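None of the values given here were measured: they were computed from a predicted structure. Residue numbers count from 1 along this sequence.
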Amino acid sequence: MANTTDTSTSTARPSLEDDERNASRSTTPSSEGFKRYIGDGWAERDESLPAAREQASFAAARRSKVSAAFTGIRLIIPAGDMKQRANDTDYPFRAHSAFAHLTGWGADSEPGAVLVLEPNGDAHDATVYFRERAGRDTEEFYADASIGEFWIGPRPWLAHVAADLGIATRAIADFDHVIDSVDTATLVLREADQAVTDRVDRARIRYAAEAALSTNATDAPFSLEVGAQHEPDAELARVLSELRLVKDGFEVAELRAAIDATARGFTEVLSELPRITAEVRGERVIEGVFATRARIEGNDVGYGSIAAAGPHATILHWTRNDGPVVPGDLVLLDAGVERDTYYTADITRTFPVNGTFSAVQRQVYEAVLEAADAAFQVVKPGAIFREVHAAAMEVIARKTAEWGFLPVSAEESLQPENQFHRRYMVHGTSHHLGLDVHDCAQARRSMYLDGVLEAGMVFTIEPGLYFQPDDLTVPEEFRGIGVRIEDDVLVTDGGAENLSAAIPRTADEVEAWVRGAAS
């Protein structure tokens, strides 16, 4: 059943617009007799408290690092709220990654929750504010389709979450007191929840105005417009992003598990090739088979899966996945399982539908594999992140020059002012991986692209070659071929570990994999 909303007695976000939009819908009985009847006759709840989850201690250590960076400053990190899909239905909720990182709350987190780090000397006191479950004797329990347990199932209570996360908890109504205490130094993670950000903006403006009126305008603290970008807030976002560059032990274990699940999903796709090739929209079958594994072993897919067959493989972000899968073509499958903790894999394999690469397909595939292997050789502590991409590009330039595709030599093409080989691979070779598929995106260039590799970093290596079906700069037999090989790598003290090495990579291994899975 879809998320059906009864607005006649709901206490959540009531509005005239809601009433008018759903005026023709059936309503929950509102008589006193019904209220008494539905509120009685329930078994006692299990009020036992859980032990702290495994990631609670890791999250506490992360909060300590943030606290040290913002001594004496109140920090507000919202989880975000539900987002409308259509009318009164919402998208599945996913908390903001920074909130999840600092609390340890993942797929079971509550919409509208807010983490507040309140200064206490040289440290901070952490509190999670959220709307806990309502009693069964309240209308919210049975009449509020957005948060009522009758509609969406069991919901947590304050003591339960406090024990589970190892963080103090308070009712979301008490967050009003935080807003009342906001000063111009208070920082908020702006992108997480616009409503919370607006409240903080208004509170900071109010504080600045009151300070100016009570002293002298020339001595007033800064002010800002509601909704305007605020540089100190950007600094908070940057620190929270850079905090995730080096993964702790829990994070690495979760990424390993996500990658293992992804490997199983890929093999299950191959086992369904007879059904996939029989369907007009075979790419959709690929997408669905993988999504099933993601939902069985995790929260969901970590991003929109790319199931690109034939010439669709030359489209970098092909997510429509509505084309046929034809024997003789290649399939480029870029997909990853996201764990309940939100940590996601990001793997790409390109395979021949009929189990055998053609001569040209193999030629392209082995060039991409050589580029990937060259990039892997660079990875070790002390290397610069951009050097990984440069190593792959040297191979891509050399191969496309050897094949006669470039107007200049490989050496000339590699010059910054040329880069002709990038016509056939316009994307970067690597990005950090973790809670977000493109993790740490707000980190400074000096910490990311120009950053020094450290043990504990996890990122992708994903070179490719893409020859569009109408690209007249390449021979006809190359047109419509797209190949990408993507692995997830962990920087270790001794160099690099390919976390996805168990998924076949060489052309011979891939052919055997396809034939074995489909038999």
Side-chain angles (χ1 to χ4, degrees), residues 97 241 244-247 251-252 254-263 265-266 290 294 301-306 308 313 316-319 332-339 342-350 365 368-381 383-393 395-396 422 425-443 447-451 453-466 482-492 495-505:
S97 295
S241 192
R244 307 209 304 263
L245 283 167
V246 176
K247 271 58 182 180
E251 293 177 292
V252 172
E254 286 297 293
L255 287 166
R256 289 185 188 278
I259 291 164
D260 289 346
T262 298
F266 275 43
F290 186 82
V301 293
Y303 52 95
S305 299
I306 298 171
L316 297 183
H317 286 171
W318 176 258
T319 55
L332 187 158
L333 177 56
D334 185 337
V337 172
E338 177 186 85
R339 297 273 289 171
Y342 292 160
Y343 290 90
T344 184
D346 182 6
I347 309 293
T348 305
R349 289 294 185 265
T350 306
Y365 189 94
V368 174
L369 182 63
E370 184 177 337
D373 289 344
F376 266 102
Q377 292 302 310
V378 174
V379 180
K380 61 182 178 180
I384 306 300
F385 188 74
R386 55 179 159 75
E387 294 173 348
V388 179
H389 174 70
M393 287 303 94
V395 176
I396 296 298
R422 296 296 300 276
M425 182 185 153
V426 298
H427 62 80
T429 302
S430 299
H431 59 78
H432 282 269
L433 183 69
L435 283 165
D436 292 337
V437 66
H438 294 153
D439 210 25
C440 316
Q442 291 169 300
M447 298 289 289
Y448 199 124
L449 186 61
D450 295 330
L453 299 187
E454 299 179 45
M457 288 183 170
V458 178
F459 50 82
T460 65
I461 291 180
E462 50 177 309
L465 281 169
Y466 315 89
V483 173
R484 180 163 64 253
I485 303 170
E486 179 179 20
D487 287 287
D488 300 339
V489 58
L490 168 67
V491 182
T492 66
E497 178 186 353
N498 184 354
L499 298 176
S500 46
I503 307 175
R505 293 179 74 247

K.L.:
Between Val378 and Ala391, which heavy-atom pair has the shortest distance, and what is it?
P.N.:
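It is CG2-CB, 3.5 Å.
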K.L.:
With a 4.5 Å heavy-atom cut-off, do Glu486 and Ile347 have their side chains touching?
P.N.:
no
K.L.:
Is any side-chain heavy atom of Val437 closer than 4.5 Å to a side-chain heavy atom of Glu338?
P.N.:
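Side-chain contact under 4.5 Å: no.
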K.L.:
I need the Arg386 CZ to Asp450 CG distance, nearest 0.5 Å.
P.N.:
4.5 Å
K.L.:
Indicate the atoms forming the closest heavy-atom contact of Ala375 with Ala392, along with that distance.
P.N.:
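The answer is CB-CB, 4.3 Å.
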K.L.:
Test Ile461 against Thr429 for side-chain contact (heavy atoms from CB on, under 4.5 Å), laying out the working first.
P.N.:
CA-CA 6 Å; Ile461 291 180; Thr429 302; 4.2 Å; yes
K.L.:
Heavy atoms, side chains only, cut-off 4.5 Å: are Val458 and Glu251 in contact?
P.N.:
no
K.L.:
Does His432 have its ring centroid less than 6.0 Å away from the ring centroid of Phe385?
P.N.:
yes
K.L.:
Look only at the side chain of Thr460 and the backbone of His431, and say whether a donor-acceptor pair between them is shorter than 3.5 Å.
P.N.:
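Checked: pair present.
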K.L.:
Distance check, rounded to the nearest 0.5 Å: Arg484 atom CZ versus Thr348 atom OG1?
P.N.:
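Reported value, rounded in 0.5 Å steps: 4.5 Å.
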K.L.:
Establish, from distance only, whether the side-chain atoms of Ser500 and Asp488 form a donor-acceptor pair under 3.5 Å.
P.N.:
no
K.L.:
Report the distance from atom CD of Glu387 to atom OG of Ser430, rounding to the nearest 0.5 Å.
P.N.:
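If we round to the nearest 0.5 Å, Glu387:CD and Ser430:OG are 12.0 Å apart.
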K.L.:
Indicate the atoms forming the closest heavy-atom contact of Ile306 with Leu316, along with that distance.
P.N.:
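Minimum heavy-atom separation between Ile306 and Leu316: CD1-O, 3.3 Å.
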K.L.:
Rounded at 0.5 Å granularity, tell me how far CZ in Arg339 sits from CZ in Arg256.
P.N.:
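Reported value, rounded in 0.5 Å steps: 13.0 Å.
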K.L.:
Are any non-hydrogen side-chain atoms of Phe290 and Val337 less than 4.5 angstrom apart?
P.N.:
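Yes, their side chains come closer than 4.5 Å.
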K.L.:
Could you tell me the separation between the CG atom of Asp346 and the OG1 atom of Thr262, rounded to the nearest 0.5 Å?
P.N.:
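Interatomic distance, Asp346 CG to Thr262 OG1, rounded to 0.5 Å: 9.0 Å.
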K.L.:
Hey, does His317 have a side-chain heavy atom less than 4.5 Å from the side chain of His427?
P.N.:
no
K.L.:
For Ala313 versus Tyr466, what's the shortest heavy-atom pair and its separation?
P.N.:
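So the minimum-distance heavy-atom pair works out to O-CD2, 3.5 Å.
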K.L.:
Does the pair Met393 and Arg422 meet the rule for a side-chain contact (heavy atoms from CB on, under 4.5 Å), with working shown?
P.N.:
CA-CA 8 Å; Met393 287 303 94; Arg422 296 296 300 276; 3.4 Å; yes
K.L.:
Kindly indicate whether the side chain of Leu449, heavy atoms from C-beta on, has any atom under 4.5 Å from the side chain of His389.
P.N.:
no
K.L.:
Less than 4.5 Å apart, side chain to side chain, heavy atoms only: is that true for Asp334 and Tyr303?
P.N.:
yes
K.L.:
So, taking the atom named CD1 in Ile503 and the one named CD1 in Ile485, what distance separates them when rounded to the nearest 0.5 Å?
P.N.:
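Here the interatomic distance stands at 12.0 Å.
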K.L.:
Taking all non-hydrogen atoms of both residues, which atom of Thr319 and which atom of Gly304 are closest, and how far apart?
P.N.:
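Heavy-atom minimum between the residues: CG2-O, 3.9 Å.
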K.L.:
Decide yes or no on side-chain contact (heavy atoms from CB on, under 4.5 Å) for Asp487 and Leu499, but give the supporting numbers first.
P.N.:
CA-CA 7 Å; Asp487 287 287; Leu499 298 176; over 6 Å; no
K.L.:
Do you know the tightest heavy-atom contact between Tyr365 and Thr350?
P.N.:
CE1-O, 3.4 Å
K.L.:
Would a 4.5 Å heavy-atom cut-off, applied to side chains only, mark Glu254 and Tyr342 as touching?
P.N.:
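No - every pair of side-chain heavy atoms lies 4.5 Å or more apart.
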K.L.:
What's the verdict on side-chain contact (heavy atoms from CB on, under 4.5 Å) for Glu454 and Val491, showing C-alpha distance, side-chain angles and the deciding distance?
P.N.:
CA-CA 6 Å; Glu454 299 179 45; Val491 182; 5.9 Å; no
K.L.:
Restricting to salt bridge (Lys or Arg N to Asp or Glu O under 4.0 Å), what partner residues turn up for Arg244, sequence neighbours left out?
P.N.:
Asp436, Asp439
